[in-house]
2 protein chains.
Amino acid sequence: MDALDRQIVDHLLRDGRATFQEIGKAVGLSAPATKRRVDRMRERGEIAGFTALIDPAALGWDTSAYVELSYQGNVSADRLKRDLEAFPEVIGAWTITGDADALVHVVAASMADLERVIEGIRAVEQVDRSRTVVVMSRLFERPLHGK
Amino acid sequence: MDALDRQIVDHLLRDGRATFQEIGKAVGLSAPATKRRVDRMRERGEIAGFTALIDPAALGWDTSAYVELSYQGNVSADRLKRDLEAFPEVIGAWTITGDADALVHVVAASMADLERVIEGIRAVEQVDRSRTVVVMSRLFERPLHGK
DNA sequence: TGTGAAACGGTTACAGC
DNA sequence: GCTGTAACCGTTTCACA
């Protein structure tokens with residue numbers, strides 16, 4: 001991934017539907033050359049895909065929370081991934097430093113829904129403790145930047 | 001935002017570069033009708049934009065952390081937003097329940113970089129305490145789902 | 001909302017650096 | 001390896017019904 005690729009990625013982060021012509025013009029490449037580079041980055045997994053940025057409230061997901069999860073004994077990353085991916089309301093999970101084993105991002109349609117999901121997660125085999133912070137308001141979110 | 005719009009959004013979440021023709025075919029609409037609906041959703045802010053999903057490691061952002069931030073006294077959401085948006089490494093911030101005032105997502109190029117950024121945040125006027133969990137590994141992340 | 005036509009962009013093949 | 005040009009084809013985008 002060279003400097004040109006990074007410029008292309010930067011452009012795509014800002015506008016995921018930009019045409020190859022547009023991007024090419026911005027970085028000094030022809031449209032086909034730009035497309036080839038994007039294709040290669042997709043093949044290599046550097047670009048995982050493209051998506052729309054949706055206001056969660058518009059979809060009815062107005063309640064979200066971050067949950068720190070502790071398991072009894074040791075737990076593998078694979079196991080965590082499997083356990084948590086099973087909940088569609090979990091839109092992200094990471095292993096973290098500190099007391100807990102994982103940090104989990106849950107989105108739900110209401111506080112009751114959120115409670116139901118977190119209870120479900122807590123009921124997973126060997127899950128020991130959890131610490132939940134509920135999101136009151138989204139201040140901002142933005143994609144990765146090129147720096 | 002009716003059922004058709006939700007179907008369109010669902011499609012765009014899965015493939016942000018899908019053609020209007022494709023989407024239209026999937027939801028039973030012509031391409032122009034699909035485009036008009038997408039345009040309207042963009043105008044209403046329900047679709048905030050489109051972006052590429054990039055592997056952070058490919059861009060050199062292999063260190064990230066979640067930081068809970070507490071201010072001295074009360075602090076407005078506007079103030080939090082202004083303070084935190086100033087750091088390009090902060091890619092998301094939310095007000096939360098519990099002791100802290102905000103939860104902040106920081107991405108950095110290295111542990112040293114992360115430390116530098118968090119020190120910068122801690123040096124913001126009236127910032128009192130912080131609690132950082134460093135992300136060891138990304139288990140998964142995925143866009144919002146239609147349910 | 002759909003249809004049709006014109007403009008535009010995507011994609012491939014090929015040639016050149 | 002990489003690129004650009006050119007041609008073809010599909011898509012977007014408009015006017016209009």
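As the structure is a prediction and not an experimental result, all values here were calculated from the model. Every chain is numbered from 1, with letters handed out A, B, ... down the list of sequences.
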Under 3.5 Å, is there an N or O donor on one side and an acceptor on the other linking the side chain of Arg17(B) and the base of dG10(C)? no
May I ask you to say whether Arg138(B) pairs ionically with Asp62(B), meaning some side-chain N is under 4.0 Å from a carboxylate O? no
What's the closest nucleotide to the Pro32(B) side chain, out of dT3(D), dT12(D), dG4(C)? dG4(C)
Should Lys35(A) and Asp39(A) count as an ion pair when the cut-off is N to O under 4.0 Å? yes
Chi angles and distances behind the side-chain hydrogen bond (donor to acceptor under 3.5 Å, both in side chains) call for Thr63(B), Ser110(B): CA-CA 5 Å; Thr63(B) 314; Ser110(B) 66; 5.7 Å; no
What I want to find out is whether Arg79(B) reaches Asp83(B) closely enough, with some N-O distance under 4.0 Å, to be called a salt bridge. yes
With a 4.0 Å cutoff (strictly under), does any side-chain N or O of Arg37(A) reach OP1 or OP2 of dC2(D)? no
Does dG10(C) have its OP1 or OP2 closer than 4.0 Å to a side-chain nitrogen or oxygen of Lys35(A)? no
Cationic N near anionic O, under 4.0 Å, Glu46(A) to Arg40(A): no
note: Asp15(B), atom CG; dG10(C), atom P; distance rounded to Å ~ 14 Å
Apply ring-ring contact (aromatic ring centres under 6.0 Å, His included) to the pair Trp94(B) and Tyr66(A), showing each step before the final yes or no. CA-CA 10 Å; Trp94(B) 307 266; Tyr66(A) 282 88; 5.4 Å; yes
Under the 3.5 Å rule, do the base of dG1(D) and the side chain of Arg36(A) count as making a donor-acceptor pair? no
Against the six-membered ring of Phe87(B), is Arg82(B) placed for a cation-pi contact (under 6.0 Å from the centre, within 45° of the normal)? no
So that I can tick it off, tell me whether Asp101(A) and Arg129(A) are bridged by a salt bridge, with the cut-off set at under 4.0 angstrom between side-chain N and carboxylate O. no
Phosphate OP1/OP2 of dC2(D): any Arg40(A) side-chain N/O under 4.0 Å: yes
Contact list please: residues 19-29 of chain B against DNA chain D, heavy atoms, distance less than 4.0 Å, in numerical order. Thr19(B), Phe20(B), Gln21(B)
Terminal axes of the helix from dT1(C)-dA17(D) to dC17(C)-dG1(D) (five pairs each): angle between them, nearest 10 degrees: 30°
